[in-house]
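The structure appears right after this line, and notes come after that.
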Amino acid sequence: MRFLLALLLLSVSSLGQTPKIEPLPLGAKAPDFKLTGVDDREYTLADFSSAKALVMVFTCNHCPTAQEYEDRLLKIASDYKEKGVMLVAISPNDPASVRLDELGYTDLGDSFDDMKVRAKEKAFTFPYLFGGGSELEASSKAYGPVATPHAFVFDQDRRLRYVGRIDDSEREAFVKTQDLRLAIDAVLAGKTPEVSQTKAFGCSIKWAGKEDQVKAYMAKLAKEPVTVEPVDVEGLATLRKGEGKKLRLVNFWATWCGPCITEFPDLVEINRMYRQRGFEMVTVAANYPDEKSAVLSFLTKQQSSGRNLYFGGTDKYALMAAFDKEWSGALPYSVLLDPQGAVLWKHEGAIDPLELKRKIVGALGRSMAQ
C-alpha cells in the first residue's frame with residue numbers, strides 16, 4: 001500500500017509539485033523493493049529474510065556527512081554480522097539532479113558507476129543499492145528518508161523499530177550517543193528501543209525533478225566571462241610559490257596539443273566542483289604571444305572562466321624554468337600546490353581525472369569536520 005502511495009507521490013512530483021517526504025511510521029512493515037546493487041545483482045526485501053534485524057541506511061557518495069559515516073557503517077556491519085543483523089545501504093539520489101558545486105567534498109558523483117567505484121575503494125561488505133532517479137526512487141520514497149545518511153531498523157517481522165540518525169555527531173570524536181547501535185541491541189533483545197526516533201542530519205535527498213535547476217545552473221556558468229592574460233618569467237615564478245591562501249592547480253597546455261584538448265573539459269569540471277572552497281585552477285597556454293586569439297577562442301568554447309594565462313614571451317625555455325626547472329617540457333603538464341607552494345602532485349601527460357580529484361579532496365577534506 002505504501003509502495004503504491006509512493007508511486008502516486010512520484011506522479012504528483014512529475015507534474016511540478018514537490019510532495020512532502022516523511023519517514024515510514026514506527027511499527028510499519030518494511031516496503032518491498034527491487035533494486036540493483038553495485039555487484040550487479042538484483043535485490044528484494046526477501047533476500048534478507050533470514051536476518052534477525054534489518055538495518056536500511058539511505059546514504060550516497062557525494063554528501064560530506066554521509067562520507068563521515070562510511071567507516072562507522074562498515075564497523076557496525078562487521079560487529080553485528082555474527083548476531084544475525086544485515087545492513088543494506090541505498091542511494092536514493094538522482095545523479096542528474098546534483099549540481100557540480102554540490103560535489104565540492106567528494107571525488108565521485110552519485111551515478112551507479114560511481115557507486116561501484118566507491119564500494120570497491122572502501123571495500124563495502126554490505127549491499128549498496130541504487131534507488132535513485134525517476135524510475136527507481138519510488139522504492140526509496142516508500143521508506144521516506146529526508147537526509148543522507150538516514151537509518152531504519154526493522155525487527156525479524158520487518159516492523160520498523162527505529163528511524164533516525166546513526167549517532168549524535170558526524171565528528172566521531174564528539175559522539176556521545178550511538179543511537180543506531182543501541183536500537184539494534186534492543187531489537188535483538190526483543191525490546192523496544194528507549195529512543196525509537198530521532199532527527200537525521202545531512203544532505204537533503206536529491207529526488208528526480210531537479211534537472212531543470214541543474215540545466216539553469218549550467219546555463220549560468222556558460223555566461224561567465226572568459227579572459228586570458230600574458231604571464232612573464234617573474235609571474236610564473238610567483239605562481240609557483242603559492243600565496244598562502246588556496247590550494248592551486250596549474251595546468252600547462254597548448255592549442256596544438258591533442259591530449260591537452262581532450263582533458264580540458266575534465267579540468268573545467270574539476271574547477272567548478274571545488275572552486276567554492278579553498279581551491280583555484282590556473283591554466284597556462286604554452287603558445288606564443290601572437291597566438292592569443294586562438295588561445296582565447298578555445299578557452300571560450302570550453303567555458304574556462306577561471307584564471308587563464310598564456311606565455312607572454314618567446315623564450316619558452318626560460319618561462320618553463322621559471323615555474324619548474326625539473327619539467328621536461330612535455331605537454332600537458334599539471335601541478336597541484338598547497339597554499340604555501342609545496343608540490344602535492346604533478347604529472348606530465350594526460351591526467352586521470354579521478355586520481356586528481358582524490359588528490360584535491362584529500363587536501364581540502366571530505367567533510368565540514370576537516
Side-chain angles (χ1 to χ4, degrees), residues 62 64-65 67-68 99-107 170-171 173-174 221 224-253 260 263-264 266-286 295 299 302-313 315-329 331-348 351-370:
H62 89 271
T65 307
Q67 291 183 78
E68 278 291 292
R99 300 191 313 269
L100 285 175
D101 62 337
E102 294 175 305
L103 301 179
Y105 290 83
T106 182
D107 52 340
E170 68 271 25
R171 292 193 183 187
F174 295 165
L221 292 180
E224 292 180 346
V226 177
T227 60
V228 64
E229 301 294 335
V231 63
D232 56 17
V233 168
E234 182 180 353
L236 284 170
T238 300
L239 186 67
R240 172 63 181 78
K241 291 179 181 178
E243 299 173 359
K245 297 179 180 179
K246 293 183 178 182
L247 192 70
R248 174 178 289 167
L249 174 65
V250 184
N251 173 258
F252 289 85
W253 67 284
C260 301
E263 74 175 11
F264 213 90
D266 290 318
L267 293 168
V268 172
E269 179 177 284
I270 287 170
N271 186 46
R272 289 172 171 176
M273 286 174 62
Y274 303 112
R275 68 181 187 176
Q276 74 274 15
R277 302 186 66 189
F279 172 85
E280 70 169 348
M281 183 177 78
V282 182
T283 72
V284 184
V295 171
L299 293 170
Q302 296 295 320
Q303 300 176 12
S304 181
S305 57
R307 185 181 176 191
N308 301 302
L309 307 171
Y310 67 91
F311 279 180
D315 188 346
K316 293 187 177 182
Y317 298 96
L319 290 162
M320 289 161 44
F323 184 83
D324 183 0
K325 294 181 179 179
E326 296 180 0
W327 174 22
S328 73
L331 294 176
Y333 178 51
S334 303
V335 182
L336 184 65
L337 304 169
D338 77 3
Q340 286 70 46
V343 176
L344 300 178
W345 171 89
K346 63 180 178 179
H347 182 74
E348 292 187 14
I351 63 166
D352 176 340
L354 179 57
E355 177 190 7
L356 178 52
K357 289 175 185 177
R358 285 177 173 169
K359 293 292 183 180
I360 293 171
V361 80
L364 292 174
R366 290 179 177 269
S367 76
M368 302 292 185
Q370 294 173 296

[X]-[Y] side chain donor-acceptor pair, cut-off 3.5 Å:
| X | Y | answer |
| --- | --- | --- |
| E170 | T65 | no |
| N271 | E280 | no |
| T283 | N251 | no |

TODO: Sequence neighbours left out, what passes ring pair (Phe, Tyr, Trp, His ring centres under 6.0 Å) with F264? Give chain and number order.
DONE: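 Testing F264 for ring pair (Phe, Tyr, Trp, His ring centres under 6.0 Å), a comparison that skips the adjacent residues, returns W253, F298.
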
Nearest non-hydrogen partners of [X] and [Y], listed with the distance:
| X | Y | result |
| --- | --- | --- |
| K357 | E269 | NZ-OE2, 3.3 Å |
| Q303 | L221 | OE1-C, 4.5 Å |
| L103 | Y274 | O-CE2, 3.8 Å |
| C260 | L331 | SG-CB, 3.9 Å |
| E348 | S328 | OE1-OG, 2.5 Å |
| G278 | L364 | O-CD2, 3.5 Å |

Task: Residue list, salt bridge (Lys or Arg N to Asp or Glu O under 4.0 Å) with E355, at least two apart or on another chain - done: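 Listed in chain order: nothing, the list is empty.
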
Open item on the list: L337 and side chain to side chain contact (heavy atoms under 4.5 Å, CB included): which single residue from V343, L247, V282 fits?
Closed with: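 Among the candidates, only V343 passes.
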
Using side-chain heavy atoms (C-beta onward) and a distance below 4.5 Å, is [X] in contact with [Y]?
| X | Y | result |
| --- | --- | --- |
| R307 | L239 | yes |
| L267 | I351 | yes |
| L356 | D107 | no |
| S367 | E68 | yes |
| I360 | F279 | yes |

Inter-residue atom distance [X].[atom1] - [Y].[atom2], 0.5 Å rounding:
| X | Y | atom1 | atom2 | result |
| --- | --- | --- | --- | --- |
| I270 | M281 | CD1 | CE | 8.0 Å |
| E263 | S334 | CD | OG | 5.0 Å |
| N308 | Q302 | CG | CD | 11.0 Å |
| F311 | M320 | CZ | CE | 7.0 Å |

Task: Pairs meeting criterion side-chain hydrogen bond (donor to acceptor under 3.5 Å, both in side chains) with involvement of residues 225-247, two or more places apart - done: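 Qualifying pairs, neighbours excluded: E243-R248.
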
Looking at residues at least two apart in the chain, or sitting in another chain, which of them share a side-chain hydrogen bond (donor to acceptor under 3.5 Å, both in side chains) with [X]?
| X | answer |
| --- | --- |
| Y310 | none |
| S305 | E224 |
| K359 | none |
| D101 | R99 |

Task: Main-chain N/O of Y105 paired to Q67 side chain as donor or acceptor, under 3.5 Å - done: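 The answer is yes, because a donor-acceptor pair under 3.5 Å joins these two groups.
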
Qualifying residues under side-chain contact (heavy atoms from CB on, under 4.5 Å), relative to [X], sequence neighbours excluded:
| X | answer |
| --- | --- |
| E326 | D324, K346 |
| A318 | V233, D315 |
| V231 | L236, V284, L309 |

Open item on the list: Which label fits Y333 and F323: parallel for a plane angle under 30°, tilted from 30 to 60°, or perpendicular past 60°?
Closed with: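 Ring orientation, 0 to 90° scale: perpendicular.
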
